[in-house]
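All values reported here derive from a predicted model rather than from experimental measurement.
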Amino acid sequence: MNRENIWKKIFEELEAFEGSAGFCYKNLVTGEEKAYNGDRRFLAASMVKLPLFMAMMLMRERGETDFDEMITIRPEQKIPGGAVRYMTGDVTMDIASLARLMIVISDSTATNALFRHYGAEKIGSCLRELGFSETQFNREYYSPLEFQGINNYFVPSEIVAAFERLYAGKVISPQVSEEILEVLCQQQIDHKICGRLPEYVRVAHKTGEEDDKTHDAGIVFGSEPFIVCFAYVGAETADYNDFIRKTSEALWLAGESR
């Protein structure tokens, strides 16, 4: 299938989804860009864990945090999502380990511990400095604040722009950018963007999902590396996951066949 037909099919499928769908793409060789609701704010699920990680790295480079510092999580602070909830009693872990759990297995208990440690105000300030003007991390996961309308949001175009800066080595420094990408390549939730790609394809990405939300965003490396961000809030999450898999495969194959 040629690229024109690929794009036609992608946008037809996006239009057909009930709920709210978003999509952003940038080819890192040709500069080609495509978007569908790319500047819309979406309820984030776990997508804001990447911006939080970037904010933490910014604080670390400034000497404002020590990743060797230990944080204790009490039993009543454990929530669904990840591994920490299954550990008995108080769990004490260094910040670096909690950050890796947050990204690699999307551990929400670890994420909440980091959010409490740094606070919404400091995190928000760092996010704005990193170029996230509408992407927001406002509350912990499973917080009663959700019922007061306080939520976390991301914007697909801002996530794509962040990945582009990471690829170019422009998030804090080339060394820090590569460190972040390396952690993202260790992501274990691989049933979306990676679902139909060969195992040897390197993908640096972060997912987000809840019952009515499914997202994935990252860099797919190959002959023509590209950034892609998928966002969906609605009742058709299983169908959208299939769309993510098929679309990621088609875009990768299109780059490999040039």
Side-chain angles (χ1 to χ4, degrees), residues 3 6-7 10-11 14 21-42 44 46-61 99 103 123-124 126-137 152-187 190 192-194 197 201-208 215-232 244 247-256 258:
R3 297 184 80 88
I6 290 172
W7 290 123
I10 287 171
F11 284 98
L14 284 164
F23 170 81
C24 269
Y25 165 91
K26 180 156 189 179
N27 187 304
L28 291 166
V29 175
T30 67
E32 180 184 27
E33 295 181 88
K34 298 289 183 180
Y36 180 89
N37 290 333
D39 293 326
R40 179 177 292 183
R41 283 202 319 177
F42 287 84
S46 292
M47 280 298 297
V48 285
K49 294 174 183 177
L50 170 58
L52 172 56
F53 185 43
M54 293 170 63
M56 290 170 58
M57 297 295 276
L58 177 61
M59 288 184 257
R60 188 194 71 177
E61 292 305 298
I103 298 299
I123 293 167
C126 289
L127 293 187
R128 289 188 292 274
E129 189 170 342
L130 288 164
F132 297 104
S133 59
E134 295 293 329
T135 296
Q136 300 173 9
F137 203 148
N152 303 322
Y153 301 96
F154 81 101
V155 176
S157 61
E158 292 187 354
I159 298 295
V160 168
F163 272 108
E164 187 173 9
R165 292 194 297 274
L166 285 168
Y167 184 80
K170 294 181 179 179
V171 173
I172 305 166
S173 71
Q175 293 76 22
V176 171
S177 294
E178 185 55 39
E179 186 177 348
I180 294 170
L181 286 174
E182 201 53 46
V183 174
L184 291 166
C185 283
Q186 297 168 18
Q187 168 74 242
D190 284 337
K192 300 181 188 180
I193 288 175
C194 302
L197 297 178
V201 177
R202 184 181 182 221
V203 181
H205 69 119
K206 181 70 194 80
T207 62
H215 317 305
D216 203 356
I219 302 173
V220 178
F221 294 88
S223 300
E224 285 191 1
F226 63 89
I227 305 166
V228 67
C229 180
F230 297 93
Y232 178 73
I244 293 174
T247 302
S248 300
E249 180 187 42
L251 292 171
W252 177 77
L253 287 171
E256 297 303 298
R258 277 187 190 260

Problem - With sequence neighbours excluded, residues passing salt bridge (charged side-chain N to carboxylate O under 4.0 Å, His left out) with Glu33 - result: none

Problem - Residues which pass side-chain hydrogen bond (donor to acceptor under 3.5 Å, both in side chains) with Thr247, listed by chain and number, not counting sequence neighbours - result: none

Fill in the blank from the handout: Residues passing the ring pair (Phe, Tyr, Trp, His ring centres under 6.0 Å) test with Phe132, sequence neighbours excluded, are none

Problem - Close side-chain approach of Arg60 to Val176, heavy-atom, < 4.5 Å - result: yes

Handout entry: Student check: side-chain heavy atoms of Val29 and Pro225 closer than 4.5 Å
Key = yes

Exercise for the section: Work out which heavy atom in Ala250 is nearest to a heavy atom in Ile6; give both atom names and the distance. Expected result: O-CD1, 4.0 Å

Problem - Backbone of Ala217 reached by a side-chain donor or acceptor of Lys192 within 3.5 Å - result: no

Handout entry: Residue pairs passing the salt bridge (Lys or Arg N to Asp or Glu O under 4.0 Å) test where at least one lies in residues 157-176, sequence neighbours excluded
Key = Lys26-Glu164

Problem - With His205 via ring pair (Phe, Tyr, Trp, His ring centres under 6.0 Å) - residues at least two apart - result: none

Practice task
Hey, could you give me the CD1/CE distance between Ile172 and Met57, rounded to the nearest 0.5 Å?
Solution key: 6.5 Å

Practice task
Not counting sequence neighbours, which residues clear side-chain hydrogen bond (donor to acceptor under 3.5 Å, both in side chains) with Glu134? List them please.
Solution key: none

Practice task
Answer yes or no: is there a side-chain heavy-atom contact under 4.5 Å between Lys206 and Ile103?
Solution key: yes

Exercise for the section: Hey, could you give me the SG/CD1 distance between Cys229 and Ile159, rounded to the nearest 0.5 Å? Expected result: 6.0 Å

Practice task
Compare all side-chain heavy atoms of Phe163 with those of Leu184 and state whether any distance is below 4.5 angstrom.
Solution key: yes

Exercise for the section: Measure across Leu14 and Ala21 and return the closest heavy-atom pair with its distance rounded to 0.1 Å. Expected result: CD2-CB, 4.1 Å

Problem - Side chain proximity check, Asn27 to Arg3, heavy atoms < 4.5 angstrom - result: yes

Problem - Minimum side-chain heavy-atom gap Ile227-Cys24 below 4.5 Å - result: no

Handout entry: side chain to side chain contact (heavy atoms under 4.5 Å, CB included) involving Arg40 - partner list, sequence neighbours excluded
Key = Ser20, Asn37, Phe42

Completion exercise
Contacts of Lys49 meeting side-chain hydrogen bond (donor to acceptor under 3.5 Å, both in side chains) (sequence neighbours excluded), chain-then-number -> Ser46, Ser106, Ser108

Fill in the blank from the handout: Distance col, row Leu28:CG vs Ile219:CD1, nearest 0.5 angstrom, shows 6.0 Å

Completion exercise
Arg41 meets the side-chain hydrogen bond (donor to acceptor under 3.5 Å, both in side chains) criterion, sequence neighbours left out, with none

Handout entry: Stepwise side-chain contact (heavy atoms from CB on, under 4.5 Å) test for Phe23 and Val228
Key = CA-CA 7 Å; Phe23 170 81; Val228 67; 3.5 Å; yes

Fill in the blank from the handout: dist Ile244:CD1 -> Thr207:OG1 (nearest 0.5 Å) comes out at 9.5 Å

Handout entry: Note, Pro51 side chain near Phe137 side chain (heavy atom, < 4.5 Å)
Key = no

Completion exercise
What one should report as the nearest heavy-atom pair of Ala231 and Phe154 is CB-CZ, 3.5 Å

Handout entry: side chain to side chain contact (heavy atoms under 4.5 Å, CB included) involving Val201 - partner list, sequence neighbours excluded
Key = Leu197, Pro198, Val203, Val220, Trp252

Handout entry: All side chain to side chain contact (heavy atoms under 4.5 Å, CB included) counterparts of Gln175, not counting sequence neighbours
Key = Ser173

Completion exercise
CE of Met54 to CG of Leu166, rounded to nearest 0.5 Å, is 5.0 Å

Exercise for the section: Return the set of residues passing ring pair (Phe, Tyr, Trp, His ring centres under 6.0 Å) with Tyr25 (not counting sequence neighbours), or none when no residue passes. Expected result: Trp7, Phe226

Completion exercise
When every non-hydrogen atom of Cys194 is compared with those of Asp190, the smallest separation belongs to CB-O, 3.4 Å

Exercise for the section: Rounded to the nearest 0.5 Å, what's the gap from CD on Glu224 to CD on Glu32? Could you check? Expected result: 8.5 Å

Practice task
Give a yes or no answer on whether the side chain of Glu256 reaches the backbone of Ser223 with a donor-acceptor pair at less than 3.5 Å.
Solution key: yes

